[in-house]
J.: 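Sending over a structure as C-alpha cells; questions will come in a sec.
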Amino acid sequence: MTLIAGVDSSTQSCKVVICDSDTGRVIRSGRAAHPAGTEADPQAWWDALQEAIAAAGGIDDVEAISIGGQQHGCVVLDADGAVIRPALLWNDTRSAPDAERLIRERGDDGEQWWAETVGLVPVASFTVTKLAWIARNEPENAARIAAVCLPHDWLTWRLAGNDVGHADLSALTTDRSDASGTGYYDADSGEYRYEIIDSILPHRPILPRVLGPLEAAGTTPSGITIGPGAGDNAAAALGIGARAGDLVVSVGTSGTVFAVSDTPTRDASGLVAGFADATGRYLPLACTLNASLVLDASAQLLGLDHLAFDDLALNGDADGLVLVPYLAGERTPNLPESTGTLLGITLANLTPSAMARAAVEGIVCSLADACTAVERAGVQGTRALFVGGGARYRALQQVVREVFSLPVAFPEPAEYVARGMARQAAGVLRGEFPSWSTDNDTDAPTGHGAAELLTSYREATALLWGDAAID
C-alpha cells in the first residue's frame with residue numbers, strides 16, 4: 001500500500017491526513033491549532049504543521065505530500081528568506097481603502113479593467129490590496145521585500161528544506177488556484193500581471209513559479225515528493241470530487257458558493273471572483289459573510305443548544321416572518337455596512353418557532369442568491385453539493401430541498417481540503433488524479449413553497465437595499 005499525505009493549513013488550524021493512494025481511505029490523521037487573529041507569524045503555521053504531522057504518526061512512510069492553505073494571505077520575505085512582518089490574512093480588512101484606490105486608479109471603468117485583467121475586482125481579502133497597504137503604511141518594510149508568496153507557498157518552500165540562511169527564493173512555487181486569488185495573476189493566460197506589482201512596490205519582487213496541476217514542487221530533504229498544493233476552496237473541490245457544473249455550497253461561519261467551470265469568469269460587478277481550480281479548470285466563487293453564525297446567534301437568543309434549535313426550526317413555520325440575515329454586513333450583495341432585518345412581525349408570529357424557521361430560511365435564500373450570482377457569471381449549474389457544519393442542520397436541508405431547483409446532495413462530513421491534497425499527491429505520483437469514491441448522491445428538489453419563499457425574501461431585500469439586492 002502506497003501512502004500519501006494531504007494537509008489543510010486553514011485560518012484556525014492545521015489538519016493532516018495520511019491516505020491509501022489507491023482508495024483514498026484515511027489511515028491516520030493529526031491536527032494542531034493556529035493562533036487567532038487577522039495577521040499571523042508564518043512560523044506558527046510551520047510549528048502547527050510539525051505538530052499535526054507528529055499527531056498523525058509522522059510521514060516517514062509517506063511517498064508524497066501536498067499542502068492546501070487559506071487563500072490570499074500575504075507573506076513577504078527579505079533577501080535572506082526571513083519573514084519581514086506578520087502575514088496579513090484574508091480576513092484582515094484594514095486594506096479596504098486600498099482596494100477602492102486600486103480600482104479608482106484604473107479610471108471610470110476600473111472594475112471592468114480589473115475583471116478583464118485578472119478575473120476579479122479588488123476587495124480587502126485579496127493579496128494585492130494587502131501589498132498596497134504595506135507600501136502605503138510601512139514603506140520601510142516594502143523596501144525590503146524580495147519575494148511575495150501565499151501561506152501554502154511558504155509552507156511548501158519550507159517543507160523542501162528552505163529556511164533563513166538556507167533560502168533559495170527562486171525555488172518558491174505556487175499553483176493556479178492560489179495564484180488566481182492574488183489580484184495580480186491572470187488564470188486564463190497563465191501569466192502574472194507584473195505591471196500591477198510595479199505600480200505598488202518600489203521594485204519588482206520574486207513571485208512563486210506557477211506549477212501545473214500534477215507538477216511536483218520538489219522533494220523534502222528525506223526524499224518525499226511534494227505536490228503543487230492549492231488554495232483551500234480548490235482543494236475542497238478536488239476532495240469532494242466536484243465536476244464541471246457542480247455548485248459547491250459551503251455553510252460555515254460564512255458561506256461560499258463555488259463551481260467547477262471549463263471557462264474563465266470575468267465579473268465586473270465584483271460579486272464573483274474568477275479563480276482557477278486545481279485541475280486546470282476554473283473556480284468562480286461568491287462569498288457571503290453570514291451563514292452558520294446567524295444560526296448560532298439565533299439559537300443563543302432563543303436559549304437553545306444546536307440540536308434543540310434544529311428541532312424547533314425543522315417543525316416550525318415562519319408564518320410570514322422574513323429574516324434578511326446581514327448581521328455581519330454582506331458581501332453578496334456587496335453591502336458591507338448593512339445590518340440584519342426581521343420583517344413581517346405580527347402578534348401571531350412573534351414566536352420562538354417562527355423565528356428559528358425564519359433564520360434558516362433567510363440563510364438558505366441568501367445562499368441561493370450567491371448561487372444565482374455564480375450562474376449569472378456564466379456557470380450552468382447541474383447540481384448543488386452542500387458541505388460545512390451548517391449543512392448538518394436537518395432544518396436547513398429541508399429548506400434547501402424546497403428552495404433549490406437543482407438536484408442537491410449533502411455529503412458526509414469530512415476533511416475535504418486535506419483529502420483533496422492527498423488526492424493531488426497521489427496524482428503527482430501516478431501522473432493522473434485517482435478516482436476515489438465519493439458520497440455525492442443527489443436528491444431531486446421538492447419545490448414546495450420555493451417560489452413563495454424566494455419571492456418574499458427578494459422582495460424584502462429589494463425593499464431594504466434597492467438595486468444592490470440580487471433578484
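Predicted model only: the values in this text are computed from it and were never measured. The basis for the numbers below is simple: all heavy atoms, side chains too, and nothing from hydrogens, waters or symmetry mates.
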J.: Is the closest side-chain heavy-atom distance between R376 and V379 below 4.5 Å?
T.: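 Side chain of R376 against side chain of V379, heavy atoms only: no contact under 4.5 Å found.
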
J.: Return each pair, listed once, that meets side-chain hydrogen bond (donor to acceptor under 3.5 Å, both in side chains) where at least one residue sits in residues 425-436; pairs must be two or more places apart or across chains.
T.: D22-R430

J.: Holding to salt bridge (charged side-chain N to carboxylate O under 4.0 Å, His left out), I want the full list of residues that pass it with R136, two or more places apart in sequence or in another chain.
T.: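 Counting only residues at least two positions away or on another chain, R136 forms a salt bridge (charged side-chain N to carboxylate O under 4.0 Å, His left out) with D98.
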
J.: Using salt bridge (charged side-chain N to carboxylate O under 4.0 Å, His left out) as the criterion, list what pairs up with D163, not counting sequence neighbours.
T.: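 Applying salt bridge (charged side-chain N to carboxylate O under 4.0 Å, His left out) to D163 gives R158.
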
J.: Not counting sequence neighbours, which residues clear side-chain hydrogen bond (donor to acceptor under 3.5 Å, both in side chains) with D47? List them please.
T.: Q43

J.: Under 4.0 Å between a Lys/Arg side-chain N and an Asp/Glu carboxylate O for R266 and D186?
T.: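 Salt bridge present between R266 and D186.
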
J.: Is a salt bridge present between R31 and E51, judged by a nitrogen-to-oxygen distance below 4.0 Å?
T.: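 No.
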
J.: Restricting to ring pair (Phe, Tyr, Trp, His ring centres under 6.0 Å), what partner residues turn up for Y185, sequence neighbours left out?
T.: Y192

J.: My understanding is that only residues two or more places apart in sequence, or in another chain, count here; which of them pass ring pair (Phe, Tyr, Trp, His ring centres under 6.0 Å) with F126?
T.: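 So F126 forms a ring pair (Phe, Tyr, Trp, His ring centres under 6.0 Å) with H72.
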
J.: Going by side-chain hydrogen bond (donor to acceptor under 3.5 Å, both in side chains), name the pairs with one or both residues in residues 215-228, residues two or more places apart or in two chains.
T.: R209-E215, T220-S222

J.: First locate atom OG of S292, then atom NE2 of H306, and finally report the distance between them rounded to the nearest 0.5 Å.
T.: 8.0 Å

J.: Under the rule for ring pair (Phe, Tyr, Trp, His ring centres under 6.0 Å), what residues qualify as partners of F386, not counting sequence neighbours?
T.: F404, F410

J.: Could I get the full list of salt bridge (charged side-chain N to carboxylate O under 4.0 Å, His left out) partners for D267, not counting sequence neighbours?
T.: none

J.: From L77 CG over to I206 CD1, what is the distance, rounded to the nearest 0.5 angstrom?
T.: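 Going from the CG atom of L77 to the CD1 atom of I206 covers 9.5 Å.
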
J.: What I want to find out is whether R144 reaches E140 closely enough, with some N-O distance under 4.0 Å, to be called a salt bridge.
T.: no

J.: Taking only residues two or more places apart in sequence, or in another chain, which ones meet D61 in a salt bridge (charged side-chain N to carboxylate O under 4.0 Å, His left out)?
T.: R28

J.: Please enumerate all residues that pass side-chain hydrogen bond (donor to acceptor under 3.5 Å, both in side chains) together with N334, with sequence neighbours excluded.
T.: none

J.: For Y184, what residues pass the ring pair (Phe, Tyr, Trp, His ring centres under 6.0 Å) criterion, not counting sequence neighbours?
T.: none

